[in-house]
There are 2 protein chains.
Amino acid sequence: MHNLILGYGSAVTDDLVLRRQVCFALYAASRALTDVYRPILDEFGLTYPQYLVLLVLWERPDDAPTVSELGAELRLDSGTLSPLLKRLEGAGLVVRRRSARDERRVEVGLTEQGRALRQQVDEVPLQIARATGLGITELVALRDTLTRVTDTIHRQKEQ
Amino acid sequence: MHNLILGYGSAVTDDLVLRRQVCFALYAASRALTDVYRPILDEFGLTYPQYLVLLVLWERPDDAPTVSELGAELRLDSGTLSPLLKRLEGAGLVVRRRSARDERRVEVGLTEQGRALRQQVDEVPLQIARATGLGITELVALRDTLTRVTDTIHRQKEQ
DNA sequence: CAAAATTAAGTTGTGCACAACTTATCGGGC
DNA sequence: GCCCGATAAGTTGTGCACAACTTAATTTTG
């Protein structure tokens, strides 16, 4: 009884059992939380990834980051962001404009409407945190563990 | 200094800051781990969700669960599973057959090839666990916390 | 037993993710 | 000033996820 997750590499062990795998737990929890977000964000006409983009923009309202800078924050590439930003622009929440000094870059800025939305979604993090059933201490610990895992993986990738 | 995550619900607080949100940490970690899986599973011609389906089938090789039973394990609906299973069948790893006693049901069974694949992916969980940089104790704790969150959310949903 | 409600799987449409590719612009070296 | 490699954003194609719907079989109920 202790090849949990790491196991000793035999096909007759339990390593390949779904419920034992931390990756499935992560995958399932991520989708479950997105399920909690969906009806809440739906009232604002947003998807979760769109909400994430707005979070970045709200952090620096006078900045108008480029598509690449947004991608670096969220770890998403232009293949994901380009159509997503087009939809946010269609909804009147952001504007995209070519940079004057570098015509390759596209700067993404908030519209008045996009800026105003911030106040309306103010209660969202609280609602989500409640749904997890965890206390603040556990949430912070979970967040930090997950961030450490993500950073470890990304650091390995760069080398 | 302590509206971390839960916060006190004001727009001028830090609740809406990306890096503070446990949900983003979860979303980012889930995608990062899938990134680790991708090149590994690619050698077997599998995606991560396809691998998850096989995990369920390998757990009970003589069972041939229905599409719904698979969906209950993985929390995926037929809209996701139907085309996925069609691809697994096209790859020669599973077979789908209408149940004799209930023509609505479709039973999903492993082919010889699908059964044989189990031995080949035996080392995968170990490789993944190593990539996280966490020890066994931390991995088990993380898994259990995440499972608790997922169960909490699903229990709330049913009521 | 027949109509109505339920259940199972599949289909359609939308929106991510991501790989691979294209197009346009930029910067450095000659 | 021109070529060349690098960079930025966008496009195309594939595969999830999931809502909403369709079709077919089964169960419930009057």
Side-chain angles (χ1 to χ4, degrees), chain A residues 23-24 27-39 41-42 45-54 64-72 74-91 94 96-108 154 157, chain B residues 23-24 27-39 41-42 45-54 64-72 74-91 94 96-108 154 157:
Chain A
C23 302
F24 176 71
Y27 164 79
S30 182
R31 284 193 301 129
L33 264 183
T34 306
D35 274 358
V36 179
Y37 270 108
R38 193 169 295 111
L41 292 180
D42 212 49
L46 294 174
T47 64
Y48 182 62
Q50 288 168 12
Y51 169 73
L52 290 179
V53 167
L54 291 178
T66 64
V67 174
S68 295
E69 285 164 354
L70 279 174
L74 301 171
R75 298 218 165 250
L76 293 170
D77 66 6
S78 68
T80 301
L81 286 175
S82 285
L84 187 156
L85 290 170
K86 204 181 287 183
R87 283 185 284 272
L88 278 182
E89 189 170 45
V94 308
R96 293 184 298 165
R97 49 177 179 277
R98 287 276 161 191
S99 163
R101 76 174 70 110
D102 186 342
E103 291 275 345
R104 291 172 304 179
R105 293 165 187 257
V106 167
E107 294 164 346
V108 182
H154 289 146
K157 205 153 207 186
Chain B
C23 301
F24 176 71
Y27 164 80
S30 181
R31 283 194 300 130
L33 263 183
T34 306
D35 275 358
V36 179
Y37 271 108
R38 193 168 296 110
L41 293 180
D42 212 46
L46 293 175
T47 65
Y48 181 62
Q50 288 168 11
Y51 169 73
L52 291 179
V53 167
L54 291 177
T66 65
V67 174
S68 294
E69 285 164 353
L70 279 174
L74 301 171
R75 298 220 163 245
L76 293 170
D77 66 6
S78 67
T80 301
L81 286 175
S82 285
L84 187 156
L85 291 169
K86 205 181 288 183
R87 283 185 284 271
L88 279 182
E89 190 170 45
V94 307
R96 292 185 298 164
R97 51 178 178 277
R98 286 276 161 190
S99 162
R101 74 173 72 113
D102 187 341
E103 291 274 344
R104 290 172 305 180
R105 292 164 188 257
V106 167
E107 294 165 345
V108 182
H154 289 146
K157 206 153 208 188

What's the separation between atom [atom1] in [X] and atom [atom2] in [Y], rounded to the nearest 0.5 Å?
{"X": "B:Gln50", "Y": "B:Leu41", "atom1": "CD", "atom2": "CG", "result": "9.0 Å"}
{"X": "A:His154", "Y": "B:Asp35", "atom1": "NE2", "atom2": "CG", "result": "6.5 Å"}
{"X": "B:Ser82", "Y": "B:Arg96", "atom1": "OG", "atom2": "CZ", "result": "6.5 Å"}
{"X": "B:Asp77", "Y": "B:Leu70", "atom1": "CG", "atom2": "CG", "result": "12.5 Å"}
{"X": "B:Arg75", "Y": "B:Leu52", "atom1": "CZ", "atom2": "CG", "result": "14.5 Å"}

What is the distance from [atom1] of [X] to [atom2] of [N], rounded to the nearest Å?
{"X": "A:Glu69", "N": "D:dA9", "atom1": "CD", "atom2": "C1'", "answer": "13 Å"}
{"X": "A:Asp77", "N": "C:dA19", "atom1": "CG", "atom2": "C1'", "answer": "8 Å"}
{"X": "A:Arg87", "N": "C:dA17", "atom1": "CZ", "atom2": "C1'", "answer": "11 Å"}
{"X": "A:Leu88", "N": "C:dC16", "atom1": "CG", "atom2": "C1'", "answer": "13 Å"}
{"X": "B:Leu46", "N": "D:dG15", "atom1": "CG", "atom2": "C1'", "answer": "13 Å"}
{"X": "B:Arg75", "N": "D:dC18", "atom1": "CZ", "atom2": "P", "answer": "11 Å"}
{"X": "A:Arg104", "N": "C:dT22", "atom1": "CZ", "atom2": "C1'", "answer": "16 Å"}
{"X": "B:Glu103", "N": "D:dA25", "atom1": "CD", "atom2": "P", "answer": "7 Å"}

* Structure fact -> Between B:Leu81 and the options B:Val67, B:Val108, B:Leu88, the side-chain contact (heavy atoms from CB on, under 4.5 Å) test singles out B:Val67
When you get a sec, tell me which of [options] is the closest nucleotide to the side chain of [X]?
{"X": "B:Arg98", "options": "C:dG10, D:dG10, D:dA19", "value": "C:dG10"}
{"X": "A:Val67", "options": "C:dA17, D:dA9, D:dA17", "value": "D:dA9"}
{"X": "A:Arg105", "options": "D:dA17, D:dA9, D:dA6", "value": "D:dA9"}
{"X": "B:Leu76", "options": "D:dG10, D:dA17, C:dA24", "value": "D:dA17"}
{"X": "B:Gln50", "options": "D:dG15, C:dA17, C:dT25", "value": "D:dG15"}
{"X": "A:Thr66", "options": "D:dC16, D:dT7, D:dA9", "value": "D:dA9"}
{"X": "B:Lys86", "options": "C:dC26, C:dT11, C:dA17", "value": "C:dT11"}
{"X": "B:Pro49", "options": "C:dC16, D:dC16, C:dT6", "value": "D:dC16"}
{"X": "B:Thr80", "options": "C:dT25, C:dT7, D:dC18", "value": "D:dC18"}

* Specify the residues of residues 28-37 of chain A, ordered by number, for which at least one heavy atom lies under 4.0 angstrom from an atom of DNA chain D. => A:Arg31, A:Asp35
* Asked: Of A:Arg38 and A:Ser78, whose nearest nucleotide on DNA chain D comes first from the 5' end?
  ->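 Nearer the 5' end of the strand: A:Ser78.
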* Return no unless some side-chain N or O of B:Tyr27 is found under 4.0 Å from OP1 or OP2 of C:dA17. =>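 Affirmative; the distance criterion is met.
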* Asked: Do any side-chain nitrogens or oxygens of B:Arg96 fall under 4.0 Å of OP1 or OP2 in C:dG10?
  -> yes
* Asked: Does B:Pro49 reach the side chain of B:Leu84, with side-chain heavy atoms less than 4.5 Å apart?
  ->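 Yes - at least one pair of side-chain heavy atoms lies under 4.5 Å apart.
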* **D:dG15 base / B:Thr47 side chain donor-acceptor hit below 3.5 Å** =>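 Looking at the base of D:dG15, it does not pair with any donor or acceptor on the side chain of B:Thr47 (distance under 3.5 Å).
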* Touch class at under 4.0 angstrom, heavy-atom based, for A:Leu81 against every strand present -> nothing
* **Parallel, tilted or perpendicular: ring planes of B:Tyr27 versus A:Tyr48, cut at 30 and 60 degrees** =>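 If you compare the ring of B:Tyr27 with that of A:Tyr48, the planes turn out perpendicular.
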